[in-house]
Amino acid sequence: MDRRWEAPPGASLLASVLFRPDFDPAELHLCTAAMALAAVEACRQVAGVEPDVKWPNDLLVGEAKLAGILAEAEFEGASCALVVGIGLNVDWPGPAGVGGTCLRDVMSSRSSAAPPAPPAPPAPPAPPAPPDRLLLLNALLGGLSTRRGLLDSAPGRRQVAAELRDRCVTPGKRVRVTLASEEVLGMATEIDDAGQLVVHTDAGPRTVSAGDVVHLRPA
């Protein structure tokens, strides 16, 4: 889909990881899921922020986008090279009007919401510094290393899929999924063991492996 992620220097964690998966291409989304889950863990460890996963490739705080993940695969015979990239907003919420947020803003909002200590309110606290990007990267790669090992076996891939189901907020919502040649509209009901989204439409269930997903408000 020719997607790009651009950010001012130093404002985001931008990283790409090369996977060489040796399993059914239908399960490749689990590599993206492993990256998303590792990013959730890194945000929790380093910044005390625990985002949700929106299928297939976003991290959200509430309804605001904190991070996006892109993947591109290249096949040569039976071999696959898959590059999974992440853009995580650290000190910049993205362009105006896109509904984004960043770790610094989330940390600041939680800090300012804390009640002052009696009897006299202290001076307003300084806004928290943004998390160190190197610490975030190290935590991300640590969490990804564990999950990458799981991808090498069928039971391990099922474990990654189960963790994705626990973290993902898309099942249970009405969604619109934009595919290359059509739109799928219905209720997201589950994530299967390949990491794919199952959508119940008027014509029956559809299993979606990729696409742009919009969470629709209840009618």
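This chain uses plain numbering: 1 for the first residue, then up along the sequence.
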Applying side-chain hydrogen bond (donor to acceptor under 3.5 Å, both in side chains), which residue pairs with at least one partner in residues 39-50 are found, sequence neighbours left out? Glu41-Gln45, Glu41-Arg147, Arg44-Glu50, Glu50-Arg167
Can you get from Leu30 to Val198 by hopping between Ile, Leu, Val, Met, Phe, Trp and Tyr side chains that sit under 4.5 Å apart? no
Pairs touching residues 72-85 that satisfy side-chain hydrogen bond (donor to acceptor under 3.5 Å, both in side chains), sequence neighbours left out: none
Are the side chains of Leu103 and Leu66 in touch, meaning some heavy atoms are under 4.5 Å apart? yes
Would you mind listing every ring pair (Phe, Tyr, Trp, His ring centres under 6.0 Å) that reaches into residues 40-88, with sequence neighbours excluded? His29-Trp55
Atom of Ala161, atom of Asp193 and distance for their closest heavy-atom approach: CB-O, 3.6 Å
For residues 131-141, which side-chain N or O atoms pair as donor and acceptor with protein atoms under 3.5 Å away, sequence neighbours left out?
from: Asp132; atom 1: OD1; to: Leu134; atom 2: N; distance (Å): 2.9
from: Asp132; atom 1: OD1; to: Leu135; atom 2: N; distance (Å): 3.0
from: Arg133; atom 1: NH1; to: Ser12; atom 2: O; distance (Å): 3.2
from: Asn138; atom 1: ND2; to: Leu134; atom 2: O; distance (Å): 3.4

Where the side chain of Lys54 meets the backbone of Glu63, is there a donor-acceptor pair that is under 3.5 Å apart? no
Indicate, with yes or no, if Leu60 and Val106 share a hydrophobic cluster defined by side-chain heavy-atom contacts under 4.5 Å among Ile, Leu, Val, Met, Phe, Trp and Tyr. no
Side chain Arg165, main chain Ile191, donor-acceptor under 3.5 Å: yes
When you compare the side chain of Lys65 with that of Leu59, does any pair of heavy atoms fall below 4.5 Å? no
Apart from Val83 itself, residues in the same hydrophobic cluster as defined by side-chain heavy atoms under 4.5 Å: Leu18
Cluster companions of Val169 among Ile, Leu, Val, Met, Phe, Trp, Tyr (side-chain spacing under 4.5 Å): none
For Val53 and Leu164: C-alpha separation, side-chain torsions, deciding distance, then whether side chain to side chain contact (heavy atoms under 4.5 Å, CB included) applies. CA-CA 8 Å; Val53 178; Leu164 177 61; 3.9 Å; yes
Under the rule for salt bridge (Lys or Arg N to Asp or Glu O under 4.0 Å), what residues qualify as partners of Asp105, not counting sequence neighbours? none
Qualifying side-chain hydrogen bond (donor to acceptor under 3.5 Å, both in side chains) pairs, either residue in residues 197-208, two or more places apart: Glu182-Arg206
Stepwise salt bridge (charged side-chain N to carboxylate O under 4.0 Å, His left out) check, Arg104 with Asp91: CA-CA 5 Å; Arg104 182 172 187 172; Asp91 196 25; 3.4 Å; yes
Quick one: side chain to side chain donor-acceptor pair (under 3.5 Å) partners of His215, sequence neighbours excluded? Thr170
Atom OG1 in Thr32, atom CZ in Phe19: separation rounded to 0.5 Å? 7.5 Å
If we only count heavy atoms from C-beta on, is the Leu70 to Val84 side-chain gap below 4.5 Å? no
Show the nearest heavy-atom pair for residues Leu28 and Cys80, with the distance to one decimal. CD1-SG, 4.1 Å
Heavy-atom check, side chain of Ile86 versus side chain of Leu14, under 4.5 Å: no
Taking ILVMFWY side chains as joined if any heavy atoms are under 4.5 angstrom apart, and letting links pass through other members, which residues group with Val98? none
In this structure, would Val214 and Leu185 fall into the same cluster of hydrophobic residues linked by side-chain contacts under 4.5 Å? yes
Can you tell if the side chain of Val184 reaches within under 4.5 Å of the side chain of Leu179, non-hydrogen atoms only? yes
Partners of Asp152 by salt bridge (Lys or Arg N to Asp or Glu O under 4.0 Å), sequence neighbours excluded? Arg148
Leu151 side chain near Cys31 side chain, heavy-atom distance below 4.5 Å: yes
Apply the test side chain to side chain contact (heavy atoms under 4.5 Å, CB included) to residues Val177 and Glu183: give CA-CA distance (whole Å), side-chain angles for both, the deciding distance (0.1 Å), then the verdict. CA-CA 6 Å; Val177 186; Glu183 285 190 343; over 6 Å; no
Test: salt bridge (charged side-chain N to carboxylate O under 4.0 Å, His left out). Region: residues 8-30. Which pairs qualify, not counting sequence neighbours? Glu27-Arg157
In this structure, would Met187 and Leu197 fall into the same cluster of hydrophobic residues linked by side-chain contacts under 4.5 Å? no
If you round to the nearest 0.5 Å, how far is CE of Met35 from OG of Ser16? 7.0 Å
With no hydrogens and no angle check, is any side-chain donor or acceptor of Asn89 less than 3.5 Å from a backbone partner on Cys102? no
Is the closest side-chain heavy-atom distance between Gln196 and Ser209 below 4.5 Å? yes
State, with a plain yes or no, whether a side-chain heavy atom of Asp58 is found less than 4.5 Å away from one of Ile69. no
